[in-house]
Amino acid sequence: MTTSGTTTAPRRTISFGNRQQLQQLLAFGGLVVIFVFFSVASPYFLDWANVKGILLATAVTGIMALGATLVIATGGIDLSVGTGMTLCSVMTGVFLANLGLPLVVGVLGGLAIGALIGLLNGLNVAYLRLPPFIATLAMMMVAQGLSLVISGTKPIYFSDVAGFGQLAGGELLPGLPNAVLIFFVAAVLAGVTLSKTLTGRYALSIGSNEEATAISGVDVRRWKVVIYVVAGLFTGLAGVVMASRLNSAQPGLGLGYELEAIAAVVIGGTSLRGGKATILGTVIGALIMATLTNGLRIMSIPQEWQKVAVGIVIVLAVYADMLRRGKEA
Amino acid sequence: MTTSGTTTAPRRTISFGNRQQLQQLLAFGGLVVIFVFFSVASPYFLDWANVKGILLATAVTGIMALGATLVIATGGIDLSVGTGMTLCSVMTGVFLANLGLPLVVGVLGGLAIGALIGLLNGLNVAYLRLPPFIATLAMMMVAQGLSLVISGTKPIYFSDVAGFGQLAGGELLPGLPNAVLIFFVAAVLAGVTLSKTLTGRYALSIGSNEEATAISGVDVRRWKVVIYVVAGLFTGLAGVVMASRLNSAQPGLGLGYELEAIAAVVIGGTSLRGGKATILGTVIGALIMATLTNGLRIMSIPQEWQKVAVGIVIVLAVYADMLRRGKEA
Amino acid sequence: SSGSGGAAPGTGDKPYVALVSKGFQHQFWQAVKQGADDAAAELDVEVTFEGPETETEVEKQLTMLQTALDKSPDAIGYAALDSEASIPMMTDAQSRGIPVIAFDSGVDSDVPVTTVSTDNLAASAEAAKHMAELVGSGKIAIVGHDQTSQTGQQRVEGFTQYIAENAPDIEIVDTQYAAGDQLKSADAAKAIMQAHPDLKGIYGTNEGSAIGVVKAVQESGRAGELTVIGFDSGKAQTDAIRDGLMAGAITQDPIKMGYETVKAAVAAIDGEEVEPVIDSGFYWYDETNIDDEEIAAVLYE
Amino acid sequence: MTDGPALLRATGISKSFPGVRALDDVHLDLRPGEVLALVGENGAGKSTLLKLLSGIYRPDAGTMELDGAPMSPAGPRQANELGISVIHQEFHLMPDLTVAQNIFIGREPRRAGLIRDDELERRAAALFERLGIPLDPRQPVSHLSVAGQQMVEIAKALSFDARVLIMDEPTAALTETEVATLFRIVRDFVSPRTGVIYVSHRMEEIKEISDRITVLRDGRYVDTLPTATTETREVIAAMVGRQLETGVRPGPPDPGASDGGSGRDGSGHDTVLAVRGLSTRALLKDVSFELRRGEILGFAGLMGAGRTEVARAIIGADRSTGVVEVNGRPVTVRSPADAVRHGIGYLSEDRKRYGLLLDQDVVRNVMLSSLPGLTRGGFVRDADGRHVAKEMVDRLSIRTPSVAQRTKNLSGGNQQKVVLAKWLVRDCDVLIVDEPTRGIDVGAKDEIYTLLTALAAQGKSIIVISSELPEVLRLADRIVVMCEGRVTGTLANADADQHQIMELATRFGADRSLVTTGDPE
Ligand SMILES: Nc1ncnc2c1ncn2[C@@H]1O[C@H](COP(=O)(O)OP(=O)(O)OP(=O)(O)O)[C@@H](O)[C@H]1O
Ligand SMILES: Nc1ncnc2c1ncn2[C@@H]1O[C@H](COP(=O)(O)OP(=O)(O)OP(=O)(O)O)[C@@H](O)[C@H]1O
Ligand SMILES: [Mg+2]
Ligand SMILES: [Mg+2]
């Protein structure tokens with residue numbers, strides 16, 4: 001081959017891994033700034049009780065956002081995470097409270113419903129080739145309706161299901177509510193899925209260039225279904241955690257959570273175009289949202305101004321993050 | 001597929017213009033099917049009063065969807081149409097009811113606020129290069145908060161503003177509420193904007209390939225701002241019509257309308273990826289949504305099942321539409 | 001139930017009453033619906049019941065009202081989210097000779113033949129009275145469910161007014177809104193407690209808000225330290241009262257509200273005289289009276 | 001050749017990207033009335049230089065002059081206004097817009113603020129008429145083949161009243177007929193007040209069209225040579241910095257010679273892939289052929305003849321009827337995934353659309369087809385992937401600062417090598433390569449020929465679709481010639497010559513255009 005080909009070879013010393021870590025550190029930096037600001041602004045903010053409150057407030061939306069990250073990595077979108085979560089809550093209620101199945105079975109059942117929702121989304125997107133927005137919008141409505149139908153529009157209470165409330169409310173690690181622990185474990189699983197398994201790799205490839213991925217011999221349709229199913233499992237998990245925290249399944253809840261989850265994903269640096277995704281970013285994005293809300297409340301900012309403040313801070317945080325990344329890249 | 005003996009070159013004889021018309025005809029066909037179904041299912045459905053009701057229910061979301069179509073054509077998304085519309089309503093209320101400005105000035109003021117919202121969105125997207133999802137999500141919150149702040153969280157009533165209610169409620173064409181007339185006129189304007197003006201052409205071009213558009217010498221950033229401003233004008237118009245219909249500005253309203261508007265756009269056949277958009281499709285999409293809801297209500301389907309039904313019909317309608325298009329193409 | 005199984009309502013021989021409420025998926029509205037269904041069965045009429053998802057959706061509700069009118073019902077029951085906005089349709093109903101019964105809150109119009117409602121201002125003042133008695137003095141806070149709707153505002157207004165006028169030693173330090181979502185209400189309540197460690201009581205203005213407050217108190221390990229007062233019922237709330245997590249709550253009588261609405265509608269259809277105002281009433285309930293017959297009858301699970 | 005002031009001159013130009021010094025003190029001068037060829041290996045910096053001249057990038061150092069006056073275009077539009085018109089290596093087209101809309105983007109004729117699309121189409125039609133390009137102005141660009149898209153780019157560049165026309169590998173996707181058309185256009189364009197800068201890796205073309213040749217190597221200026229008095233060999237030597245045996249057709253491989261056992265046995269047994277009666281709705285009509293073990297089968301034909309479509313049909317990317325047999329057994333291939341499962345890989349002619357994950361790095365691109373094989377216990381072994389990618393970078397001399405470079409930032413030829421690397425790693429029994437050397441420099445091209453030949457020698461079977469007849473003749477044991485979706489002949493290499501192939505390739509039924517009928521998929 002031509003001799004001079006690689007003479008200009010590797011001059012860049014920072015490895016790719018480090019660069020990415022650096023980026024996430026910066027998004028994390030945004031979170032830290034917000035944290036520091038509120039700590040100074042309010043003496044109550046840094047209390048462990050309050051931090052725990054923030055973490056708890058992050059947990060459910062955060063878990064949903066993990067699944068949504070996978071779907072968004074493919075360039076898709078999942079509008080069904082909110083009401084889908086509710087349907088999983090309700091079905092968990094049916095399994096445990098109404099049918100009296102054993103705890104483990106009920107919880108796995110809730111997850112399975114999540115997977116089923118994902119399966120239907122996946123089939124609609126991959127085989128019927130519906131735009132993900134349409135497929136999951138339809139699922140959002142169907143799940144909302146079914147939650148109400150199945151529950152008879154009444155909450156299902158878990159008061160008689162021994163141990164269910166402990167699932168999210170207990171503290172396996174003293175001081176840390178299980179809901180938060182579950183969130184962190186789920187985040188690690190999602191992170192590994194995204195960066196180390198075929199599911200995650202193909203999600204990113206599809207998001208990057210679906211046609212090229214297909215021509216490269218990847219069974220894009222099958223993998224899309226797999227990706228949506230995995231995302232559905234997170235929806236199911238969110239549903240179970242939600243139900244456990246409220247010790248009841250609330251069929252009317254759920255609408256609007258999808259936007260929050262997607263916002264967390266995007267604030268975290270995952271691109272809605274697909275191909276680029278980071279789970280750590282999503283976790284940080286979810287924390288930023290929850291911290292902002294909490295901090296403004298702690299400061300007793302009137303509700304209507306809170307919205308304005310959150311909006312502006314989101315713009316600033318994302319813009320600052322982009323600036324830094326732009327400089328660094 | 002069998003060999004059909006088409007060996008010569010320009011085998012496609014139907015021109016592009018005709019083909020697109022045909023596609024829209026098919027989406028329109030879906031609407032007709034729904035219409036026929038409900039006409040048979042309920043004696044009240046085809047009443048002019050009810051059809052008028054459907055058209056009225058379409059008007060506000062429809063107007064928002066027109067603007068959203070332009071933004072989506074660029075490959076962007078506008079989450080601020082819902083609460084943005086509310087802010088425009090509220091400001092119209094401030095201009096007319098609180099400040100007592102003349103009717104025309106108040107209405108133009110409402111539109112101007114819409115344009116301003118669009119301007120900020122556009123600047124954030126084009127110059128700060130924020131993802132449209134983030135920029136408009138932030139605007140959605142800010143607009144929501146400001147509506148509440150400005151109105152003091154109380155509705156502003158137009159009872160004392162002579163003629164304001166007539167704006168949407170009157171019937172310039174006997175039998176047809178002005179709101180519907182305004183929607184149709186706005187649709188024609190949007191259609192012309194999309195297909196006959198630089199704004200629309202560059203929107204499609206940016207959505208199709210932003211980089212190439214820039215390299216071709218189009219000032220992409222400036223045009224993006226223009227596009228968002230034009231979209232904002234529609235948001236403003238929706239706000240004025242909404243205020244006139246309710247004869248009041250309701251500051252708490254608006255959240256959720258953005259999803260409906262986007263859904264109408266996507267059901268109409270506009271691609272969220274950008275580059276392909278049709279205003280007629282958006283009108284039909286908005287009509288499909290409103291007709292479905294109305295028809296199911298007229299049939300007194302329990303509310304929880306309505307959701308399920310709408311979800312399923314949307315999937316079927318879009319899928320059928322795609323199948324037909326696929327065959328035709 | 002709503003819907004009538006077979007043919008579309010209105011097509012049969014039975015009189016048809018269409019109810020357009022402020023919501024449908026909350027327990028409160030489901031209880032109203034139940035009362036309406038009870039009356040329907042008793043009086044042999046058809047009833048449909050629907051409402052928007054949240055109490056901000058004024059325009060959605062108007063569309064529902066429009067559709068209900070298009071079905072040519074014999075009477076309409078209407079719980080207006082915004083009474084001004086519905087005036088044209090009220091006029092329309094009147095001109096078509098369809099009697100309108102307002103329920104839950106009044107309509108600023110002389111069209112409705114009667115209004116079946118709870119006096120939210122009085123009810124929340126009652127909540128404030130109990131809060132004042134239980135707390136004595138110090139800081140309290142409110143977790144509201146809706147900032148813009150009339151009901152949402154009155155539940156806060158009646159409470160604050162009472163405190164301002166009757167309990168000078170009590171200070172309302174914060175009012176936050178969380179859309180009646182239990183999780184979000186819990187988060188909000190926690191933040192308030194955090195900002196005011198010496199807080200002595202919290203009032204939640206509807207079922208979701210109240211349960212959220214209880215959740216917050218529980219999760220912060222401060223059960224028993226704070227006086228929690230709620231609104232409406234539901235199993236979570238009644239359990240909390242029995243467990244001593246909640247001091248007590250105001251309940252309306254939603255079942256009666258639904259029942260009276262339909263009853264008044266039938267009376268109007270039959271051309272009978274109807275009282276211009278029917279108060280569906282409210283009650284204070286706590287550990288002591290929760291199992292009383294009168295109270296138990298108006299509580300829903 | 002005039003010896004006056006240069007039409008366009010660049011001096012001391014330097015440009016760096018993170019980790020890469022793309023240009024280092026480069027100069028170039030274009031004289032009025034000449035065609036200046038710009039050559040260099042993949043990644044030598046040609047495209048970067050042209051992007052500097054057209055205002056897409058700004059130089060880190062150096063000056064540019066037009067007609068003796070300093071110029072520094074702030075952007076592509078300004079460059080256009082200065083009279084510089086560019087056909088870039090990578091297309092800059094809006095697929096959803098029509099051909100006419102693409103050509104006149106930014107210059108729409110309007111009346112009362114409304115765009116006059118009829119006028120737009122009329123102008124485009126007139127332009128095509130003038131240039132002799134068979135395009136329908138109202139066709140959406142997404143319906144065009146790569147070649148068709150290239151013609152749109154050419155038409156667009158010529159639609160400006162340009163004084164300097166810059167062309168970056170305009171013929172990489174074109175067959176000889178279109179190349180002839182292009183050269184006619186170029187010759188028409190050149191006048192005493194205009195000039196052309198022409199980048200290509202095809203030495204014959206450079207010989208034919210250019211007056212002088214400027215050579216770049218590793219981002220540095222090497223020399224400028226007069227075409228008439230310079231041997232191709234000398235140009236290549238200047239490019240690569242040493243003598244290289246290339247550019248000559250070495251003659252067909254000897255079908256009789258057996259390279260020890262598994263060798264290239266073009267003459268008989270072991271049909272690996274048999275295609276019978278392959279038809280598609282859009283174009284293909286009853287295509288049949290066989291591919292034998294260890295054979296390289298060439299596919300020749302004019303643009304739009306249907307060669308790409310044959311490949312896409314075989315791998316299940318497009319719907320088709322007909323029978324595909326692998327190792328004697330009929331198989332159902334519904335998707336490229338099925339094809340790969342049956343050991344058939346396909347390298348597309350359109351690397352941007354069907355080849356690369358542009359936003360991802362070299363490692364991930366190289367691993368893409370082989371991921372399941374690079375896992376253990378369900379987890380992807382990235383270390384192995386990096387290792388494999390590094391190996392490929394060495395083997396194919398892919399010029400990149402590291403394997404962690406996003407492929408978007410590689411030069412065109414190096415991108416092509418990355419796609420090839422992906423399929424080499426996958427190690428399919430049957431490899432269909434569609435325009436495998438598109439945009440690859442002469443030296444590397446030769447390397448790739450050697451590589452493909454070696455693969456065949458190992459018993460792999462290869463289909464080479466190429467628009468360069470010398471390439472087909474150089475590589476193939478047998479050559480299938482297509483015209484208008486039909487196979488018009490199959491020749492053994494020994495019997496084949498360019499004339500004969502062209503004769504078969506032009507057995508038309510009727511007129512033809514650059515337009516396709518079927519959307520992909
Ligand atoms: N945007 C960019 N970011 C980083 N590196 C780049 C970028 N553009 C080009 N390069 C690098 O600059 C060098 C020169 O690239 P260029 O595209 O000019 O080569 P070329 O001579 O046109 O090659 P080819 O014949 O393959 O098209 C290459 O090493 C390439 O990787
Ligand atoms: N990736 C593609 N996208 C769109 N159309 C394509 C694509 N590939 C092939 N086609 C179309 O299919 C038709 C059949 O041509 P095909 O590409 O198979 O011919 P070919 O002999 O490979 O010639 P060339 O590739 O040089 O055009 C062409 O007219 C082309 O427009
Ligand atoms: Mg190049
Ligand atoms: Mg081809």
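All figures in this text were calculated on a predicted structure; none of them were measured in a lab. Residue numbers start from 1 in every chain, and the chains themselves are labelled A, B, ... in the order their sequence lines are given, proteins ahead of strands. The figures here come from the full heavy-atom set of this structure, side chains too, leaving out hydrogens, waters and symmetry mates.
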Exercise for the section: Look at Gln78(D), Met94(D), Arg77(D) and state which one has the largest set of heavy-atom pairs under 4.5 Å with chain B. Expected result: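 The candidate making the most pairs under 4.5 Å is Met94(D).
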Practice task
Measure across Glu108(D) and Tyr202(B) and return the closest heavy-atom pair with its distance rounded to 0.1 Å.
Solution key: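 Scanning both residues, the minimum pair turns out to be OE1-OH, 2.7 Å.
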Handout entry: Selection from Ser271(B), Gly217(B), Gly274(B) maximising heavy-atom pairs under 4.5 Å formed with chain D
Key =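 Of the candidates given, the most pairs with chain D belong to Gly217(B).
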Handout entry: Interface residue of largest heavy-atom contact number with chain D, from Leu204(B), Leu198(B), Val192(B), Ile206(B), under 4.5 Å
Key =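 Top option by heavy-atom pairs under 4.5 Å: Leu198(B).
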Less than 4.5 Å to any heavy atom of chain B: does that hold for the side chain of [X], its backbone, both, or neither?
X: Ile105(D); result: both
X: Leu120(D); result: side chain
X: Arg110(D); result: side chain

Exercise for the section: Working to the nearest 0.5 Å, report the span between CD1 of Ile215(B) and NZ of Lys51(D). Expected result: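 So the CD1 of Ile215(B) and the NZ of Lys51(D) are separated by 7.0 Å.
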Problem - Check: Asp96(D) main-chain N/O paired with Ser208(B) side-chain donor or acceptor under 3.5 Å - result: yes
Exercise for the section: Identify which part of Ser195(B) has an atom lying under 4.5 Å from any heavy atom of chain D, answering side chain, backbone, both or neither. Expected result: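 For Ser195(B), the contact with chain D is made by the backbone alone.
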Exercise for the section: Walk me through it: do Ser216(B) and Lys156(D) pass the test side-chain contact (heavy atoms from CB on, under 4.5 Å)? Expected result: CA-CA 10 Å; Ser216(B) 303; Lys156(D) 183 175 172 185; 2.7 Å; yes
Handout entry: Arg201(B) with Asp117(D): basic N within carboxylate O range, under 4.0 Å
Key = yes
